[in-house]
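This report refers to the structure that appears directly beneath it.
These values consider heavy atoms only, across backbone and side chains, with no hydrogens, waters or symmetry-generated copies. Residue numbers count from 1 along this sequence.
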Amino acid sequence: MTTTNPSAPLTVTTPHEREIRVERVFDADRDRVWAAYTDPELLAQWWGRGNRLDVERFEFERGGHWRFVEHSDGETHGFEGRFREITPKDRIVQSFEWDGMPAYVAIDTATFEDLDDGRTRVVTVSQFHTSEERDGMLNSGMAEGLGQSYAALDALLART
């Protein structure tokens, strides 16, 4: 499965039966994209599709816990996990759990590639325990929500 949105070039593929791979290029250098992923004040401006986002916890260190709650259309959506690996400006590995699918934990590996032209490619690979869990996440509207979050990130990067 490949989904590409020409107005926001987000590519979502399923290279293996338990994986989702997302690729996106941002018109900003790696330092700025990394900061948007790692500064809780900046994260709150884009991560929840641009909706109000409470950063309840953000311990950006190996073993650290993170928890975000998005508010939209009178509903709340909670997300959380723990950081497994952080290689500054290069890679973040973390667990990811959505309150809508409790106890279904994915491991997300995000890499940040400097394209040497002022742009940055972010590739995130999510590994699930089963193909059914992967499909459940795909069917949850994940790609659409992520596309909206990345559009909000584009707007943030254009302002900063």
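Between W47 and V55 there is no side-chain heavy-atom pair separated by less than 4.5 Å.
Grouping the Ile, Leu, Val, Met, Phe, Trp and Tyr side chains by contacts below 4.5 angstrom, directly or via other members, places F128 apart from I107. Hydrophobic clustering (side-chain heavy atoms under 4.5 Å, transitive across Ile, Leu, Val, Met, Phe, Trp, Tyr) keeps V93 apart from I20.
Residues forming a salt bridge (Lys or Arg N to Asp or Glu O under 4.0 Å) with E59 (at least two apart in sequence, or on another chain): R57. For E70, the side chain to side chain contact (heavy atoms under 4.5 Å, CB included) criterion is met by R49, N51, L53, S72, H77, F79, not counting sequence neighbours. For D117, the salt bridge (Lys or Arg N to Asp or Glu O under 4.0 Å) partners two or more places apart in sequence, or in a different chain, are R119. The side chain to side chain contact (heavy atoms under 4.5 Å, CB included) search around E113 returns L115, R121, not counting sequence neighbours. Taking the salt bridge (Lys or Arg N to Asp or Glu O under 4.0 Å) definition, one finds that D27 meets it with nothing, sequence neighbours left out. Considering only residues two or more places apart in sequence or on other chains, R21 meets the side chain to side chain contact (heavy atoms under 4.5 Å, CB included) condition with T13, P15, E23, V123, V125. Take E41 and apply the salt bridge (Lys or Arg N to Asp or Glu O under 4.0 Å) test, not counting sequence neighbours, and it matches no residue. Applying the side chain to side chain contact (heavy atoms under 4.5 Å, CB included) test to T124 and every residue at least two apart in sequence or in another chain returns D108, A110, V122, S126, Y150.
Residue F83 qualifies as enclosed at atom CZ: its count of foreign heavy atoms under 6.0 Å is above 12. Heavy atoms from other residues, nucleotides or ligands lying under 6.0 Å from CD of E144 number 12 at most.
Under a 3.5 Å cut-off, the side chain of D29 and the backbone N or O of D31 do form a donor-acceptor pair.
With rounding to the nearest 0.5 angstrom, the CG atom of L157 is 7.0 Å from the CZ atom of F26. Here the CH2-CG distance, from W34 to D114, works out to 13.5 Å after rounding to the nearest 0.5 Å. Separation of atoms CD (Q94) and CH2 (W66) is listed at 5.5 Å; rounding is to 0.5 Å. Distance OG1/T38 to CD1/I92: 6.5 Å, rounded to 0.5 Å. In this structure, the separation between CG on L146 and CZ on R24 is 9.0 Å, given to the nearest 0.5 Å. Rounding to the nearest 0.5 Å gives a distance of 13.5 Å between CZ of R32 and CG of D39.
Closest non-hydrogen pair, S149 versus G48, comes out as OG-C, 4.0 Å. Annotation for R30 and K89: closest pair CD-O, 2.9 Å, computed over non-hydrogen atoms. When all heavy atoms of A143 and V12 are compared, the pair lying nearest together is CB-CG2, 4.1 Å.
Residue pairs meeting the salt bridge (charged side-chain N to carboxylate O under 4.0 Å, His left out) criterion with at least one partner in residues 128-142, sequence neighbours excluded, do not occur; the list is empty.
V69 belongs to no hydrophobic cluster with other residues, because no ILVMFWY side-chain heavy atom falls under 4.5 Å from its own, directly or through intermediates. If you chain together ILVMFWY residues whose side-chain heavy atoms come under 4.5 Å of each other, V105 ends up in a group of its own.
Using cut-offs of 30° and 60° for the angle between ring planes, the F60 and F58 rings count as parallel.
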Please tabulate, for side-chain N and O atoms in residues 96-103, each donor-acceptor pair with protein atoms closer than 3.5 Å (sequence neighbours left out).
from, atom 1, to, atom 2, distance (Å)
E97, OE2, A103, N, 2.7
D99, OD1, R67, NH1, 3.3
D99, OD2, R67, NH2, 2.8

